[in-house]
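Here the structure is laid out as structure tokens; the discussion comes afterwards.
Atom set for the values below is all heavy atoms of this structure, side chains included, hydrogens, waters and symmetry mates excluded. Numbering starts at 1 and runs along the sequence shown.
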Amino acid sequence: MIIIFCLMFNVIPVLGSSLSDQVHQTPAEMFHKPGGAALINCSHSIENYDRILWYKHSNNKQMEFLGYNDVITGYAEPGLKVKMNGSANKNKLCTLTVEDLSVDSSAIYFCAARYHSASY
């Protein structure tokens, strides 16, 4: 059995307040058999934020960056068995799909909302 715990946090804190209550991730936990897929959803209600970042924290390992969603699509890091779909705009839904589950998939998965300020 594979256990996945999901937590969320906000990348850019605001002095004197927290925006973490405006980032929502579901489900809080899940249990799957090896070989299947797990879907984790993330959304936020923060004005002008346009990125959802995905991370995995396995037992006794450093946190691993899985990839991100922008306003159009998702971009997974090469070589990982994950997909990202959806839009990172306010009140939209992003989905992380962890594919081909194995014992190594057991971890805490995080989503984070952030503002991307680069001009194109």
Side-chain angles (χ1 to χ4, degrees):
M1 180 179 299
I2 297 166
I3 302 170
I4 298 176
F5 294 98
C6 307
L7 298 174
M8 76 285 190
F9 65 99
N10 182 30
V11 172
I12 304 173
V14 174
L15 188 60
S17 68
S18 172
L19 297 176
S20 64
D21 62 341
Q22 296 179 55
V23 180
H24 311 283
Q25 185 173 321
T26 58
E29 62 184 45
M30 62 181 75
F31 304 90
H32 287 282
K33 292 183 180 181
L39 276 67
I40 304 168
N41 297 308
C42 185
S43 64
H44 70 87
S45 57
I46 307 167
E47 200 66 45
N48 298 320
Y49 276 36
D50 56 1
R51 293 286 188 269
I52 293 292
L53 309 175
W54 294 99
Y55 298 91
K56 173 184 176 182
H57 188 226
S58 300
N59 200 16
N60 298 321
K61 293 184 182 178
Q62 288 185 340
M63 195 174 303
E64 177 181 14
F65 178 66
L66 302 175
Y68 70 95
N69 285 84
D70 66 12
V71 297
I72 299 172
T73 191
Y75 303 91
E77 289 289 286
L80 300 179
K81 296 178 182 179
V82 298
K83 289 183 189 174
M84 288 115 191
N85 296 299
S87 171
N89 279 335
K90 179 181 175 182
N91 297 322
K92 300 293 183 182
L93 186 67
C94 291
T95 302
L96 171 69
T97 304
V98 182
E99 302 174 317
D100 193 23
L101 294 171
S102 68
V103 172
D104 290 335
S105 304
S106 293
I108 299 173
Y109 290 82
F110 298 87
C111 76
R114 74 168 287 221
Y115 173 71
H116 182 67
S117 61
S119 59
Y120 298 99

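- Across all non-hydrogen atoms, the minimal contact from N85 to N69 is O-ND2, 3.1 Å.
- If you take CG on D100 and OG on S105, they are separated by 7.5 Å, rounding to the nearest 0.5 Å.
- Across all non-hydrogen atoms, the minimal contact from I40 to W54 is O-CH2, 3.6 Å.
- Residues M30 and M84 are members of one and the same hydrophobic cluster, defined by side-chain heavy-atom contacts under 4.5 angstrom among Ile, Leu, Val, Met, Phe, Trp and Tyr.
- Expressed to the nearest 0.5 Å, how far OH of Y115 lies from CG of D50 amounts to 7.0 Å.
- When atom types are taken as modelled, the side chain of Q25 and the backbone of Y109 share a donor-acceptor pair closer than 3.5 angstrom.
- One finds the NE2 atom of H24 at 11.5 Å from the CG atom of L93 (value rounded to the nearest 0.5 Å).
- No path of Ile, Leu, Val, Met, Phe, Trp and Tyr side chains, each step under 4.5 Å between heavy atoms, connects L101 with L39, placing them in separate hydrophobic clusters.
- Closest non-hydrogen pair, I46 versus A113, comes out as CD1-CB, 4.4 Å.
- One hydrophobic cluster, built from ILVMFWY side chains closer than 4.5 Å, cannot hold both V71 and V23; they sit in different ones.
- Around NZ of K90, the count of heavy atoms belonging to other residues, nucleotides or ligands within 6.0 Å exceeds 12.
- Between H32 and A37, the shortest heavy-atom distance links the atoms CE1-O, 3.6 Å.
- To the nearest 0.5 Å, atom CG of residue L80 and atom CD of residue E64 are 5.0 Å apart.
- Contact between K92 and S87 at its shortest, heavy atoms only, is CB-O, 3.3 Å.
- Between C42 and C94, the sulfur-to-sulfur (SG-SG) separation does not fall under 2.5 Å.
- Residues Q22 and Y49 are not in side-chain contact: their nearest non-hydrogen atoms beyond the backbone lie 4.5 Å or more apart.
- Proximity of D70 to R51: side-chain heavy atoms (C-beta onward) are separated by under 4.5 Å at one or more points.
- To the nearest 0.5 Å, atom CG of residue N89 and atom CD of residue E47 are 9.5 Å apart.
- For the atom pair CG of L96 and CD of E99, the computed distance is 9.5 Å after rounding to the nearest 0.5 Å.
- Here the shortest heavy-atom pairing between D104 and S58 reads O-OG, 4.3 Å.
- Side-chain heavy atoms closer than 4.5 Å link hydrophobic residues (I, L, V, M, F, W, Y) into clusters, and following such links, possibly through other members, connects M63 to I108.
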